[in-house]
Amino acid sequence: MDFVKPSIDYFELSPLLIVFAVACLGVVVEAFLPRALRYRAQVVLSLVGLVAALVGVVLVARAVATYDDGAARGILAVGGTVAIDGPSLFIWGLVLALAIAGVLLFAERHLDGGVSAFAGQAAAVPGTDAETAAIAAQREHTEVYPLMMFAVFGMMLFPASNDLLTMFVGLEVLSLPLYLLSGLARRRRLLSQEAALKYFLLGAFSSGFFLYGAALLYGYAGSMDFAAINEAVRNDVGNNSLLLIGTGLLSVGLLFKVGAVPFQAWTPDVYQGAPTPVVAFMAAGTKVAAFGALLRLFYVALGADRWSWQPMLWVIAVLSMFVGAILAMTQSDIKRLLAYSSVAHTGFILVGVIGLQGSDQLASGEITSLQAVLFYLATYGFATVGAFAVVSLVRDSGGETTALARWAGLGKESPLVAAVFAFFLLALAGIPLTAGFVGKLAVFSVALAAGAWPVVVAAIAASILAVALYVRVIKVMFFDEPVGDGPSVAYPSVMTATTIAVGAAVTLVLGIVPGPVLDLAAVAGEFIR
Amino acid sequence: MLTVLILLPLLGALVVAFVPRAQVRPVGLAFGLASLVYGLVVASRYDVDGGMQMTETHTWIEAMGVHYALGLDGLGLMMVLLTVAIVPPVMLASWKESESPAGGGARSFFAWVLALEAMSLAVYTATDVLLFYVVFEATLIPAYFLIGGFGRSGRGRAATKFLIYQLAGGLILLASVVGLYVVSADAGNPSFLISDLAALDIDPITQRWLFVGFFVAFAIKAPIFPFHTWLADTSEKATPSTSVLLVCVLDKIGTFGMLRFCLGLLPDASQWATPVVVTLALISIVYGALIAIGQDDVLRLIGLTSLSHFGFIVLGIFVFNATGGTGAVLYMVNHGIATALMFLVAGFLINRTGTTLISEMGGVEKHAPILAGSFLIGGLAACGLPGLSPFVSEVMVIIAAFDHHWLVGSVSVLAIVLAAIYALWMYQRTMTGPDLEGSAPVADLDRREVGIVAPLVLALVLFGFFPMPLLDVINPFVHDSLTSVGISLEGGHQ
């Protein structure tokens with residue numbers, strides 16, 4: 001077998017390469033710069049890198065060629081292993097924007113007396129002298145920035161991968177840094193470490209499933225390449241049970257990442273234990289990236305086999321919506337509540353995925369599934385980052401207070417913070433004039449147009465449950481009497497404030513004028529093969 | 001023109017949120033009055049021949065065929081006038097209560113009231129189904145904070161119950177709205193404009209499913225048995241002023257929607273559903289009046305009478321004849337005025353006696369004749385005394401009900417007897433008789449309160465004797481909407 005060196009399309013890959021370079025540079029900074037300078041250097045480096053990558057995305061998006069009479073745009077780079085097409089670029093832009101918000105939250109030091117939310121020295125066992133010493137010295141882990149940049153790199157590679165191996169690499173590069181970041185909370189260290197361990201073990205397990213599924217699909221199609229798998233499915237070659245089992249196992253890996261039922265068990269523990277800035281970044285970013293990958297796998301590689309996987313997704317979507325909404329109602333911790341709500345949202349996004357209608361199957365002026373899902377991801381991402389950023393502000397003497405009962409009276413203590421949080425909750429509930437509403441409208445209409453009306457009926461029922469859940473939190477904040485001293489709100493630096501303000505602004509603007517972003521998702525067009 | 005009508009109170013809400021504390025109430029009232037004046041200007045431009053007027057259409061979300069489209073027809077005009085007319089008295093009536101520390105203060109009260117007014121006006125003028133849906137849901141936010149922020153203990157729970165019921169109804173509505181959109185997309189022209197949707201030829205099965213969604217949502221809003229259970233709790237816990245806004249303005253969206261969407265867009269399915277709907281309406285009429293009789297809480301009692309009255313309105317809509325339709329629309333206006341009067345006077349009474357329980361009141365008549373008198377007028381209006389405007393509409397609906405079927409008519413007549421019982425018995429127990437032991441004499445209405453009550457009483461009497469100005473506006477609308485149903489009726493029988 002000849003080895004052909006792939007040509008590398010440096011310009012189109014530039015956003016990916018910039019993020020990777022910044023991550024590597026961050027490691028160098030960590031190794032050589034004195035401790036006192038690292039924080040500033042890392043923050044500036046990460047922000048500059050992310051902004052540069054975002055500019056790169058815009059430039060690439062303007063330059064890529066069109067395909068299929070304009071139905072799709074983009075190129076296959078690096079020997080066909082990375083697809084830089086409209087959906088990839090849309091997701092890249094979204095991930096980068098969320099990552100910028102993530103860096104701002106990571107860098108926040110005003111909330112906790114001049115230190116960040118991360119452990120002073122992760123290696124120090126909780127409660128020992130070493131930990132006390134680390135706290136006294138006001139140490140902090142600045143490795144979190146390069147770790148995060150690696151995760152961002154993974155989040156960009158994952159949805160853009162055009163073969164199963166690249167997708168696996170993307171999956172791992174995105175996951176491993178997040179496992180580490182989850183264990184680095186400064187407060188409640190044991191909870192955080194437990195979360196990291198759980199996330200790692202279950203994540204490793206799901207990666208195993210993914211890899212096994214990839215092997216079976218390779219056995220079926222004789223290729224890892226999505227276009228080749230698609231051809232094989234169309235021509236109905238090979239052993240169908242290999243295809244079915246392979247699809248199932250691959251789905252396990254991907255559905256684990258998006259937190260769909262029955263692979264959601266890790267979400268509440270990880271969301272509760274991990275440092276809040278990490279949760280904000282991870283909850284939004286991972287979901288966006290993983291749904292990008294899921295869409296690409298199911299639409300590009302397995303699109304012709306949709307009759308076998310659509311029923312599975314129907315069931316999983318319905319289960320996710322109901323389990324998420326019902327279990328969220330029983331939670332007394334705000335982060336766990338948001339975790340289960342994210343499970344429910346996974347279900348709602350899957351409702352959009354089920355649509356699977358390209359622009360060629362629809363009347364002009366009707367939106368496609370891809371468009372609806374991409375839009376939903378954008379609205380969900382910004383509302384989630386904003387909501388978790390607000391969670392990091394509410395405190396009592398023991399640091400962040402996430403017990404829902406302790407949030408009673410927040411509306412009187414700080415009307416602004418409570419109002420902003422209520423706004424994010426209303427967006428998550430899908431109330432009109434917020435972005436969440438347009439997102440729901442979009443996924444419901446594509447699913448209905450595809451004839452999946454039982455799922456839409458279930459989605460409506462689940463939305464009613466979810467509404468009850470969010471309204472309960474609003475009631476606690478505004479109408480319940482505070483327990484004891486009541487919550488206090490820490491005054492954040494401009495970084496967290498910016499994140500919250502931008503999240504709220506995007507949520508409001510997309511709720512009132514969603515047109516431009518819907519159009520952008522439409523311009524993204526189809527996946528290329 | 002209509003955009004300004006919506007923006008004026010919305011601007012008022014923003015201004016009220018930022019003016020100095022002392023000016024909150026006068027500025028709020030000024031915006032309320034300005035909206036009233038502007039509403040009258042709009043009405044003066046309205047051409048009584050009917051049809052959609054003063055339309056504005058702009059593309060909003062191009063990707064989904066959503067428009068920012070407004071227009072006004074006879075029905076819309078009635079509801080717009082009711083809305084702008086109810087708001088200033090409500091503001092005046094809560095001049096003092098809104099100061100109470102229990103709530104969020106006068107600033108949030110006035111701001112939310114103006115926001116609610118703006119959203120309601122948008123609901124009544126929207127001619128795009130999605131725009132209607134968006135503002136329909138948006139009205140719930142100010143309503144939620146008005147219920148939860150002001151009123152008696154237990155209001156938080158009542159507000160939550162209210163919101164969950166309404167949002168549940170809203171989501172069911174959303175399913176039907178999206179369904180209509182998908183039907184229009186299948187027909188090749190995806191759009192949410194009512195005018196486009198009305199031109200669609202929807203197959204009967206789809207139409208019925210869509211109808212069920214619309215009807216359930218509007219029955220929760222209206223409220224109609226068995227979707228009414230939020231009403232009593234809400235009107236008991238919220239302040240009387242909030243209840244006025246809820247019952248007299250917001251709940252009309254339910255019957256408004258039935259006329260505009262069920263009849264307007266799904267005429268065949270509306271006919272198909274008539275037996276069920278008429279039965280539910282009759283149950284609401286009788287059941288609402290019966291349980292109202294048994295209440296000891298005056299606010300809960302008034303709230304429950306509305307269940308009976310909404311039954312009348314729905315009955316009028318679904319008997320499908322001109323008298324019934326006109327009676328129903330007229331009823332929507334009259335019920336608004338009469339119930340507002342009852343709630344507001346009850347509020348004054350509660351402020352004075354310090355209790356909401358009928359069993360703890362008595363002997364008010366001797367000390368406060370004006371208060372007692374206006375309460376009596378409100379009560380008599382509710383039970384349809386000739387000479388007061390609800391009489392006209394009630395008689396029209398009953399005549400129409402007899403035209404529909406003698407049994408339906410007979411049952412609806414029962415309500416008049418029952419209404420007399422709850423209205424007069426309530427009056428007797430609260431106002432007549434000896435003073436209750438240990439309670440101080442109740443002061444009569446002061447000038448501000450008389451100023452609130454007088455226009456409402458005047459309107460009841462005026463429209464009781466001269467309903468023609470209203471009927472002139474309503475008749476063309478009813479004629480138009482029945483024509484669309486009637487044509488399909490002939491088609492259905494052939």
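Per chain, numbering begins at 1; letters A, B, ... match sequence-line order.
The candidate with the highest count of non-hydrogen atom pairs below 4.5 Å against chain A, out of B:Val134, B:Val66, B:Ile164, is B:Val134. For the set A:Ile474, A:Leu465, A:Val456, A:Val438, the count of heavy-atom pairs under 4.5 angstrom toward chain B peaks at A:Ile474. Listed options A:Ile431, A:Asp480, A:Leu441 were ranked by heavy-atom pairs under 4.5 angstrom with chain B; first place goes to A:Leu441. The candidate from B:Thr59, B:Leu130, B:Val177, B:Leu140 with the greatest count of non-hydrogen atom pairs under 4.5 Å with chain A is B:Leu130. Chain B forms the most heavy-atom pairs under 4.5 Å with one residue out of A:Ser445, A:Gly515, A:Gly411, and that residue is A:Ser445. Put simply, of A:Lys475, A:Lys440, A:Gln371, A:Arg472, the one with the most heavy-atom pairs under 4.5 Å next to chain B is A:Lys475. Counting heavy-atom pairs closer than 4.5 Å to chain A, the top residue among B:Ile172, B:Thr160, B:Val135 is B:Thr160.
By the 6.0 Å and 45° rule, B:Lys221 stacks over the aromatic ring of B:Phe136.
Within the 4.5 angstrom heavy-atom criterion, atoms from both the backbone and the side chain of A:Ile460 approach chain B. Residue A:Leu426 touches chain B through its side chain alone, counting heavy-atom pairs closer than 4.5 Å. In this structure, chain A has a heavy atom under 4.5 Å from the side chain of B:Ala159, while its backbone stays farther away. Only the side chain of B:Ile141 has a heavy atom closer than 4.5 Å to any heavy atom of chain A. Interface remark: B:Val178 contributes backbone and side-chain atoms alike to the contact with chain A (heavy atom separation under 4.5 Å). The contact between A:Phe444 and chain B is made by backbone and side chain atoms together, counting heavy-atom distances below 4.5 Å.
Counted within 6.0 Å of CG on B:Asp201, heavy atoms from surrounding residues, nucleotides or ligands total 12 or fewer; the atom is thus considered open. Annotation for A:Trp453: atom CH2 does not count as buried by contact number, only 12 or fewer foreign heavy atoms lying within 6.0 Å.
Annotation: A:Phe479 is in aromatic contact with B:Tyr144 [ring centroid separation under 6.0 Å]. The aromatic ring centres of B:Phe192 and B:Phe132 sit 6.0 Å or more apart. Residues A:Phe291 and A:Tyr380 keep their aromatic ring centres 6.0 Å or farther apart.
Classified by interplanar angle (parallel below 30°, tilted 30° to 60°, perpendicular above 60°), the ring pair B:Phe150/B:Phe109 is perpendicular. Ring pair B:Phe211/B:Phe215 is parallel by interplanar angle, where below 30° counts as parallel and above 60° as perpendicular.
No hydrogens or angles considered: nothing links the side chains of A:Tyr340 and A:Thr330 as a donor-acceptor pair under 3.5 Å.
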